[in-house]
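Beneath this line is the structure, given in structure tokens, with notes to follow.
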Amino acid sequence: MKYIIGIGGVTNGGKTTLTNRLVKNLPNCCVVHQDDFYKPQDQIEVGEDGFKQWDVITSIDTEAMVNTVKAWAENPTKFARSHGVHVSPGSGLVGSEDVHVLIVEGFLLYNYKPFIDLCTRKYYLAIPYDECKRRRSTRSYTVPDPPGLFDGHVWPMYLKHRQQMEHNDVDVVWLDGLKTRDDLYNQVYEEIQNELLNGQNQLLNGS
Ligand SMILES: Nc1ncnc2c1ncn2[C@@H]1O[C@H](COP(=O)(O)OP(=O)(O)O)[C@@H](O)[C@H]1O
Ligand SMILES: NC(=O)c1ccc[n+]([C@@H]2O[C@H](COP(=O)(O)O)[C@@H](O)[C@H]2O)c1
């Protein structure tokens with residue numbers, strides 16, 4: 001059984017924090033980070049606003065990301081081994097070699113249909129403007145934010161992409177990123193475990 005779980009949502013919403021903990025605790029779990037698919041810096045366009053357009057989908061090689069997800073789906077055991085993930089042998093129950101989970105984490109996951117179609121479950125972390133701006137101000141990216149980037153580019157693009165996702169009726173599970181790290185983890189871990197158990201029961205019942 002293969003499960004692809006999206007952990008999407010606003011920048012600094014807590015996606016990486018949640019993902020890291022899930023990856024450690026879910027069976028045979030691999031991870032793909034959307035950030036790893038940013039195009040080279042010299043290919044990131046500069047907008048009319050003067051800012052490098054980091055927060056638009058064309059800055060990311062979405063096709064390469066989807067191909068990586070498909071490579072996992074074709075042979076999760078091979079993918080896991082080549083990414084240093086221990087694959088546990090087993091009998092077909094949760095925690096066994098027959099269950100494979102891929103977590104895909106990123107801020108622009110649900111604005112690209114080929115990826116949406118691959119997802120078993122789509123989480124979306126949201127936090128309010130003030131908290132997002134505060135968290136972002138303490139973060140250092142490979143390219144530091146120039147003054148005004150958050151209000152001039154990052155937040156408006158977040159609102160735009162979120163609206164687009166809602167307009168397209170993408171069926172996300174909303175997560176309140178103001179909850180504690182533990183609460184978020186416990187909620188999502190339990191939901192995924194239930195999904196894995198349901199899948200196993202359906203297999204055992206032959207449905
Ligand atoms: N539930 C939470 N409550 C408070 N702060 C959090 C929470 N989750 C993450 N953070 C903090 O917010 C910042 C961004 O978290 P991160 O997981 O890197 O976000 P993202 O991957 O969505 O950009 C980090 O400083 C992290 O420690
Ligand atoms: N990874 C990079 O090379 C890079 C460079 C500049 C900005 N960023 C920022 O990364 C953000 C997305 O990542 P997070 O969701 O982890 O914050 C975007 O808002 C973008 O502005 C990333």
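When a ligand or atom number is given, it counts from 1 through the structure's own listing order. Since the structure is predicted, the reported quantities are computational estimates derived from the model, not experimental observations. Position 1 is the first residue of the sequence; numbering continues from there.
- At least one protein heavy atom sits closer than 4.0 Å to atom 2 (C) of ligand 1.
- Nearest to atom 21 (O) of ligand 1 among the protein's heavy atoms is Thr16 OG1, 2.5 Å.
- At least one N or O atom of Asn12, backbone or side chain, sits closer than 3.5 Å to an N or O atom of ligand 1.
- For Val10, the heavy-atom gap to ligand 1 drops under 4.0 angstrom.
- Of the listed residues (Tyr141, Trp54, Tyr129), just one forms a ring pair (Phe, Tyr, Trp, His ring centres under 6.0 Å) with Phe150, and that residue is Tyr129.
- Using bins of under 30°, 30° to 60° and over 60° for the plane-to-plane angle, the ring pair Phe79/His83 lands in the parallel bin.
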**Message:** For Asp151 and Lys133: C-alpha separation, side-chain torsions, deciding distance, then whether salt bridge (Lys or Arg N to Asp or Glu O under 4.0 Å) applies.
**Reply:** CA-CA 9 Å; Asp151 285 316; Lys133 192 168 178 175; 2.6 Å; yes

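- Between Leu184 and ligand 1, no N or O atom pair is found at a separation short of 3.5 Å.
- The single protein non-hydrogen atom nearest to atom 12 (O) of ligand 1 is Arg135 CD, 3.3 Å, given as residue, atom name and distance.
- Note: the hydrophobic cluster containing Leu26 does not contain Val104 (ILVMFWY, side chain heavy atoms under 4.5 Å, direct or indirect links).
- Listed by chain and number, Thr11, Asn12, Lys15, Asp35, Tyr38, Trp54, Asp55, Phe107, Arg136, Arg139, Tyr141, Thr142, Val143 each place a non-hydrogen atom less than 4.0 angstrom from ligand 2.
- Taking every heavy atom of Gly14 and a limit of under 4.0 angstrom, the matching atoms of ligand 1 come to 8 (N), 9 (C), 15 (O), 16 (P), 17 (O), 19 (O), 20 (P), 22 (O).
- Summarising the local packing, CD of Gln43 is surrounded by more than 12 heavy atoms from other residues, nucleotides or ligands at distances under 6.0 Å.
- No more than 12 heavy-atom neighbours from other residues, nucleotides or ligands sit within 6.0 angstrom of CD on Glu63.
- Of the protein's heavy atoms, Arg181 NH2, 3.5 Å lies nearest to atom 10 (N) of ligand 1.
- At a heavy-atom distance under 4.0 Å, only backbone atoms of Lys179 (N, CA, C or O) approach ligand 1.
- Distances between N or O atoms of Lys15 and those of ligand 1 include at least one value under 3.5 Å.
- Neither side chain, Tyr185 nor Arg181, offers a donor N or O lying under 3.5 Å from an acceptor on the other.
- For the side chain to side chain donor-acceptor pair (under 3.5 Å) with Asn12, the lone residue among Glu131, Arg134, Arg139, Arg136 that qualifies is Arg139.
- For atom 25 (O) of ligand 1, the nearest protein heavy atom lies 4.0 Å away or farther.
- Here the OG1 atom belonging to Thr62 is positioned 11.5 Å from the CZ atom belonging to Phe115, to the nearest 0.5 angstrom.
- Protein heavy atom in closest approach to atom 18 (O) of ligand 1: Arg139 NH1, 3.6 Å.
- The part of Thr180 lying near ligand 1 is the backbone, judged by heavy-atom distances below 4.0 Å.
- For Met157, the side-chain contact (heavy atoms from CB on, under 4.5 Å) criterion is met by Asp55, Val56, His153, Lys160, His161, not counting sequence neighbours.
- Atom 16 (P) of ligand 1 has its closest protein heavy atom at Thr17 OG1, 3.6 Å.
- Checked by distance only, ligand 1 and Thr11 stay at 3.5 Å or farther apart across all their nitrogen or oxygen atoms.
- Here Lys70 does not pair with Glu74 in a salt bridge; the nearest charged N to carboxylate O distance is not below 4.0 Å.
- Ile103 is not connected to Tyr110 by any chain of hydrophobic side-chain contacts under 4.5 Å among Ile, Leu, Val, Met, Phe, Trp and Tyr, and they are in different clusters.
- Residues Val32 and Ile4 are members of one and the same hydrophobic cluster, defined by side-chain heavy-atom contacts under 4.5 angstrom among Ile, Leu, Val, Met, Phe, Trp and Tyr.
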